[in-house]
Amino acid sequence: TLVIEKAKRSLPLALAAIVIGVGLAIPLGIIAGTRPNTWLDHGITAFSLFGVAAPSFWLGMMLILFFAVKLDWFPTHGYGPVDGGFSFHNLVLPASTLGVQIMGILTRFMRSGMLDVMGTDYIRTAQAKGLAYQTVVMRHALKNALLVVVTVTALTFGGLLTGSVVTESVFAWPGLGLLLVTAIKRLDYGTVQAVVLLAGTIYVLFNLLADIAYGYLDPRIRYQ
């Protein structure tokens with residue numbers, strides 16, 4: 001019961017972080033992959049490297065200092081109002097912290113995928129037929145470039161539900177990550193086992209969903 005309750009609180013945080021990360025990574029990766037070695041490519045690469053390299057505890061505290069303490073736009077911590085319940089206002093900063101890190105990882109994979117796909121024969125054939133460049137990129141190149149991104153996103157989402165320990169601790173978000181830390185400190189082996197079992201189940205489930213998505217993204221893949 002305790003694990004399920006905390007999982008319900010970690011789920012909106014993980015979903016919001018994935019939306020932010022994927023929503024930034026796909027367009028940035030497309031721009032960088034279709035304009036290699038330009039100032040746009042170098043700028044996006046530097047931004048994605050920042051997302052990968054910035055520690056989550058440091059990034060979270062910087063967001064708190066600037067947006068919560070200095071500008072007073074968002075609360076510094078917590079799940080919602082004092083009287084209980086969930087608030088999207090409290091979700092913004094922890095989701096942004098996780099989302100920037102996801103963006104950094106996925107942008108690099110998206111850029112690499114676009115560079116590989118744009119040099120293939122079928123892309124050159126589509127361009128030789130006179131199709132608009134935007135049509136070639138969005139209709140023919142994007143699906144195949146997304147294959148690696150789908151895999152990494154599935155693994156990332158599984159890790160977010162149970163592995164965002166540092167971020168949940170910084171923002172005092174009462175989810176699975178904070179529960180795991182508290183259980184370890186109290187030597188509560190039963191709770192630790194339950195969280196680890198749930199984490200393994202989530203990883204297996206989202207890997208299965210990623211494999212199923214391959215059949216839609218790449219018509220050469222068929223499951224009998």
Side-chain angles (χ1 to χ4, degrees), residues 11-56 59-60 62-63 66-67 73-74 88 91-120 122-127 129-161 164 167 206 209-221:
L11 183 61
L13 177 60
L15 287 174
I18 287 291
V19 169
I20 293 171
V22 175
L24 290 174
I26 290 180
L28 290 177
I30 291 174
I31 294 171
T34 54
R35 295 172 175 82
N37 300 319
T38 62
W39 67 270
L40 275 173
D41 180 26
H42 296 317
I44 291 172
T45 301
F47 183 49
S48 65
L49 283 174
F50 168 78
V52 173
S56 57
L59 182 59
M62 292 302 102
L63 292 179
F66 186 73
F67 290 103
W73 287 358
F74 303 102
F88 283 101
L91 180 65
V92 174
L93 293 185
S96 299
T97 302
L98 293 172
V100 168
Q101 293 186 314
I102 296 169
M103 176 278 304
I105 298 171
L106 295 183
T107 299
R108 295 178 63 80
F109 279 107
M110 191 70 212
R111 177 186 180 275
S112 177
M114 289 299 297
L115 286 174
D116 291 339
V117 171
M118 292 302 291
T120 55
Y122 75 93
I123 293 296
R124 285 193 291 267
T125 301
Q127 291 175 322
K129 287 181 177 180
L131 292 177
Y133 186 73
Q134 291 80 2
T135 303
V136 173
V137 171
M138 301 305 296
R139 182 174 296 180
H140 298 281
L142 181 58
K143 280 188 176 182
N144 286 330
L146 280 174
L147 290 175
V148 179
V149 176
V150 168
T151 303
V152 178
T153 303
L155 294 174
T156 302
F157 188 78
L160 282 177
L161 275 178
S164 54
T167 303
F206 277 92
L209 294 177
D211 289 341
I212 294 173
Y214 290 162
Y216 168 73
L217 293 172
D218 191 343
R220 297 171 296 179
I221 300 174

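The shown structure was predicted, so the numbers you read here are calculated from the model rather than taken from an experiment. The figures here come from the full heavy-atom set of this structure, side chains too, leaving out hydrogens, waters and symmetry mates.
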Search all heavy atoms of [X] against all heavy atoms of [Y] and return the closest pair with its distance.
{"X": "Thr167", "Y": "Ser56", "answer": "OG1-CB, 3.8 Å"}
{"X": "Pro27", "Y": "Val22", "answer": "CD-O, 4.2 Å"}
{"X": "Pro36", "Y": "Leu115", "answer": "CB-CD2, 3.8 Å"}
{"X": "Leu59", "Y": "Thr97", "answer": "CD2-O, 3.8 Å"}
{"X": "Met110", "Y": "Ile26", "answer": "CG-O, 3.9 Å"}
{"X": "Leu98", "Y": "Ala17", "answer": "CB-CB, 3.6 Å"}

Rounded to the nearest 0.5 Å, how far apart are [atom1] of [X] and [atom2] of [Y]?
{"X": "Thr156", "Y": "Phe206", "atom1": "OG1", "atom2": "CZ", "result": "11.0 Å"}
{"X": "Trp73", "Y": "Leu93", "atom1": "CH2", "atom2": "CG", "result": "11.0 Å"}
{"X": "Ile31", "Y": "Arg111", "atom1": "CD1", "atom2": "CZ", "result": "13.0 Å"}
{"X": "Ile18", "Y": "Leu106", "atom1": "CD1", "atom2": "CG", "result": "7.0 Å"}
{"X": "Thr45", "Y": "Leu49", "atom1": "OG1", "atom2": "CG", "result": "6.5 Å"}

Using a 3.5 Å distance criterion without hydrogens, assess whether the side chain of Thr107 forms a donor-acceptor pair with backbone atoms of Gly104. no
Might you work through the side chain to side chain contact (heavy atoms under 4.5 Å, CB included) test for Leu28 and Ser48, ending with a clear yes or no? CA-CA 9 Å; Leu28 290 177; Ser48 65; over 6 Å; no
Let me see the working for Ile20 and Met103 under side chain to side chain contact (heavy atoms under 4.5 Å, CB included), right down to the final yes or no. CA-CA 8 Å; Ile20 293 171; Met103 176 278 304; over 6 Å; no
Kindly check if the number of other-residue, nucleotide or ligand heavy atoms within 6.0 Å of CZ (Phe109) is above 12?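 Incorrect, the count does not exceed 12.
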